[in-house]
Amino acid sequence: QVQLVESGGGLVQAGGSLRLSCAASGLTFSRYSMGWFRQAPGKEREFVAAISWSGSNTYYADSVKGRFTISRANAKNTVYLQMKSLKPEDAAVYYCAADSTVYYSGGNLYSRHEYGVWGQGTHVTVSS
């Protein structure tokens, strides 16, 4: 079955960096755009970043633009989220997700409804 497994979360001081990884199995990874979302306690799950199936297009929430970088290694079936200059408001559970449509790259990648498979999440805590 399709599985996404996130890793790399943890505790970091404000201003620090973390790199999240999401390993995919059970799907032809290179055909699917991938996204990262996050959910803080008491808040809705929100879009963070996405990358098209080819890696040619990336999309970011305004709140992370310039600080976070999404990338993918299709040979490793893995998508990454490099996070720098972390702020306390970045603290959340971070989820990766696979698009429900193959070979899609477009504006719907900002919406969680575009994604069909989700990982279990990894916690990111940022101390001030």
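By convention here, the first residue in the shown sequence is residue 1.
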Exercise. Could you grab the distance from atom CD1 of I70 to atom CD of Q82, nearest 0.5 Å is fine?
Key: 12.0 Å

Self-check item: Main-chain N/O of G9 paired with T122 side-chain donor or acceptor, under 3.5 Å
Solution: yes

Quiz item: Is K65 atom NZ crowded by more than 12 heavy atoms from other residues, nucleotides or ligands, each under 6.0 Å away?
Solution: yes

Quiz item: So, the side chain of R31 versus the backbone of Y104: is there a donor-acceptor pair under 3.5 Å, distance only?
Solution: no

Self-check item: Y95 six-ring centre to R38 NZ/CZ under 6.0 Å and within 45° of normal
Solution: no

Quiz prompt | Spacing of N57 atom CG and S105 atom OG [to the nearest 0.5 Å] | solution = 5.0 Å

Self-check item: N/O donor-acceptor pair under 3.5 Å between E114 side chain and L109 backbone
Solution: no

Quiz item: Can R19 be said to sit on top of Y80's aromatic six-ring, NZ or CZ under 6.0 Å from centre and within 45° of the ring axis?
Solution: yes

Self-check item: In one Ile/Leu/Val/Met/Phe/Trp/Tyr side-chain cluster, 4.5 Å: I51, L27
Solution: yes

Exercise. First locate atom CG of N108, then atom OG1 of T101, and finally report the distance between them rounded to the nearest 0.5 Å.
Key: 8.5 Å

Practice problem: Decide yes or no on side chain to side chain contact (heavy atoms under 4.5 Å, CB included) for V5 and C22, but give the supporting numbers first. | Solution: CA-CA 5 Å; V5 179; C22 172; over 6 Å; no

Practice problem: Establish whether V124 and W36 are linked, either directly or via other cluster members, by ILVMFWY side-chain heavy-atom contacts under 4.5 Å. | Solution: yes

Quiz item: With a 4.5 Å heavy-atom cut-off, do S25 and V2 have their side chains touching?
Solution: no

Quiz item: Of the non-hydrogen atoms in S56 and S52, which two are nearest, and what is the gap between them?
Solution: N-OG, 3.3 Å

Self-check item: Pairwise distance CD(E6) to CG(L81) - rounded to 0.5 angstrom
Solution: 11.0 Å

Quiz prompt | Distance-minimising heavy-atom pair for G121 and V93 | solution = CA-CG1, 3.8 Å

Quiz item: Which atom pair, heavy atoms only, marks the closest approach of T125 to A91?
Solution: CA-CB, 4.2 Å

Quiz item: When you measure from the side chain of T78 to the backbone N and O of A23, does any donor-acceptor pair fall under 3.5 Å?
Solution: no

Quiz item: According to the interplanar angle, ranging from 0 to 90°, do the rings of Y59 and Y110 count as parallel (below 30°), tilted (30 to 60°) or perpendicular (above 60°)?
Solution: perpendicular

Quiz item: At what distance, to the nearest 0.5 angstrom, does NZ of K76 lie from OG of S21?
Solution: 9.0 Å

Practice problem: Would you sort out whether E46 and R112 count as a side chain to side chain contact (heavy atoms under 4.5 Å, CB included), showing the intermediate values? | Solution: CA-CA 8 Å; E46 65 174 3; R112 60 187 177 93; over 6 Å; no

Practice problem: Heavy atoms only: give me the nearest L4-V117 pair and the separation to one decimal. | Solution: CD1-O, 3.4 Å

Quiz item: Looking only at heavy atoms, which two atoms of K43 and Q39 are closest? And how far apart?
Solution: O-NE2, 3.1 Å

Exercise. Kindly work out whether a path of hydrophobic side-chain contacts (I/L/V/M/F/W/Y, heavy atoms less than 4.5 Å apart) joins V12 to L20.
Key: yes

Self-check item: Stacked cation flag R45 on W118, 6.0 angstrom / 45 deg
Solution: yes

Self-check item: Shared hydrophobic cluster for M34 and Y94 (ILVMFWY, side-chain gaps under 4.5 Å)
Solution: yes

Quiz item: Do L18 and V64 sit in the same hydrophobic cluster, where Ile, Leu, Val, Met, Phe, Trp and Tyr count as joined when their side-chain heavy atoms come under 4.5 Å apart?
Solution: yes

Quiz item: Quick one: which of F29, Y103, Y32 gives a ring pair (Phe, Tyr, Trp, His ring centres under 6.0 Å) with W53?
Solution: Y103

Quiz item: What distance do S63 atom OG and K87 atom NZ have between them, rounded to the nearest 0.5 Å?
Solution: 8.0 Å

Exercise. State, to 0.1 Å, how close A49 and Y60 come at their nearest heavy-atom pair, and which atoms those are.
Key: CB-CD2, 3.7 Å

Exercise. Please answer whether the main-chain N or O of H113 pairs with a side-chain N or O of S111 as donor and acceptor at a distance below 3.5 Å.
Key: yes

